[in-house]
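Below is one structure, written out as structure tokens; comments come after it.
Both ligands and their constituent atoms are indexed starting at 1 by order of listing. In this chain, residues are counted from 1 in sequence order.
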Amino acid sequence: MDASNGITASNGDTNAEEPQAPSSLSKYSAATQAIHADDYLNRVEDVAPPLHVATTFRYHDDPDQLNPATEESSSLSDRHVYSRHTAPTTTRLEALLTSLLHAPSLTYASGLAALHSAYIFLRPRRIAITAGYHGAHAVLALHCRLTGATLLPLDCPPAALGPGDVIHLETPLNPTGEALSIRHYAAKAHSRGAYLLVDGTFGPPGLQEPFALGADVVMHSGTKYLGGHSDMLCGVLATRREGWVRGLEKERAVMGNVMGGLEGWLGVRSLRTLEVRVRRQSASAGRLVAWLSGALAAEEESAEAEVVRAVVQRVQHASLQEADMAWLREQMPHGFGPVFALSLRSELLARRLPSKLALFHHATSLGGVESLIEWRKMSDTTVDTRLLRVSVGLEGWEDLRADLMAGFRALWEEEKGEEKEERGAREGDGGGIAG
Ligand SMILES: *Cc1c(COP(=O)(O)O)cnc(C)c1O
């Protein structure tokens, strides 16, 4: 690549000091940054990033250039030393994330590892949180057990919070895909000297910018949209607060909850296409939700709508939060999250629907190119037994609609068949039909 574009610093010199991200990057769109924000870290001629697997890296050849470890520098050398501190492939991933999240970013072995690391670093006495991803509650139960911290409802009175406490805001929410106002909770936290931590897993870059609305720390399960191919575990923390990333990085080097090289490499590969993936997934989810909510509306009279209504009771998604559109359009101007929830009319229907679908895998997790549906009771003990979570992938949305419709129809016919059988059996009892 031509170095005159100002973002390539490569000459293949592996002894060069770690270069700084060029400031010229900011003139580019997010789509361009996703392809080029790590060019300055490219030390080889390869166009595609190489996969580095080394755990340990040679020190400088020149004895005069050797800087012995100090208390401050031990984990934060400009050069790679040992992969529990930093490694080339994950550093490239972090360069991309720093540019896409608009804040210095660190990666972790998983989303929950990132979350736990944030709480170890912040050590809040009180955390305000609502129901959402059950794993976050498991992390907080651990945090409370270790530190004596307590949980408060998300909508506790502001006076219940004090300096250093945390409002934990997941938006959009797992598993319903409904959104909460980042601006509102940022103002509430800051009015008390508390911090707003946003779990933005369901609203990745391209759909939502929590720092623009007041977030102090943004966390992502990179396992979902950032990875996007159901093949890597990853967690991300980003923050603009002075000194926090340095503090977090030092603690991460001690805890050792870093990503592996393969996952870092997969992450770089994946972020190149993040924006097109999530925008397309978001648009498809919006269309499916509009179709379903239209069919559920009492005034829609068609044979198809009748079948949908016989099977589905409710659909939940941010696009249906009509009363919240004033702040929601500001918060998610490019479309809502690609996950929504369906409540079917009975637990049995919810248990059976996944088995009737050809294009949706019945599996947990979300954010990949493959559409997934999960009878949520399989992994979350706290949800209603009729709830299904849908993660829309990159298949054609009309195909997904047809697949869901065929599934609803199969369930509807099965139910009618069972009713008939029951009736037949009752009549059979009375009539004494043998056989
Ligand atoms: C999946 C998920 C997490 C946890 O991420 P892992 O990478 O599985 O550890 C955290 N928050 C939300 C909203 C999630 O969906």
- Query: Does F121 have any ring-ring contact (aromatic ring centres under 6.0 Å, His included) partners at least two apart in sequence or in another chain, and if so, which?
  - Reply: W244

- Message: Can you work out which protein residues put a heavy atom within less than 4.0 Å of ligand 1?
- Response: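 Around ligand 1, where the cutoff is 4.0 Å for heavy atoms, the contacting residues are S110, G111, L112, Y133, E170, N174, D199, T201, F202, M219, S221, T223, K224, C234.
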
- From R386 atom CZ to W375 atom CH2, the distance as rounded to the nearest 0.5 Å: 12.5 Å

With a cut-off of 3.5 Å and sequence neighbours excluded, list every side-chain donor-acceptor pair involving residues 146-153.
from, atom 1, to, atom 2, distance (Å)
T147, OG1, H143, O, 2.7
T147, OG1, A149, N, 3.2

Let me check something: any side-chain donor-acceptor pairs from residues 226-235 under 3.5 Å, sequence neighbours excluded? List them with distances.
from, atom 1, to, atom 2, distance (Å)
H229, ND1, G227, O, 2.9
S230, OG, E370, OE1, 2.9

- Message: Testing the 3.5 Å rule here: is there a donor-acceptor pair between the side chains of H102 and E209?
- Response: yes

- Is it the case that K224 places NZ or CZ above or below the six-membered ring of Y133, under 6.0 angstrom from the centre and within 45 degrees of the axis?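 Yes, K224 sits over the ring of Y133.
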
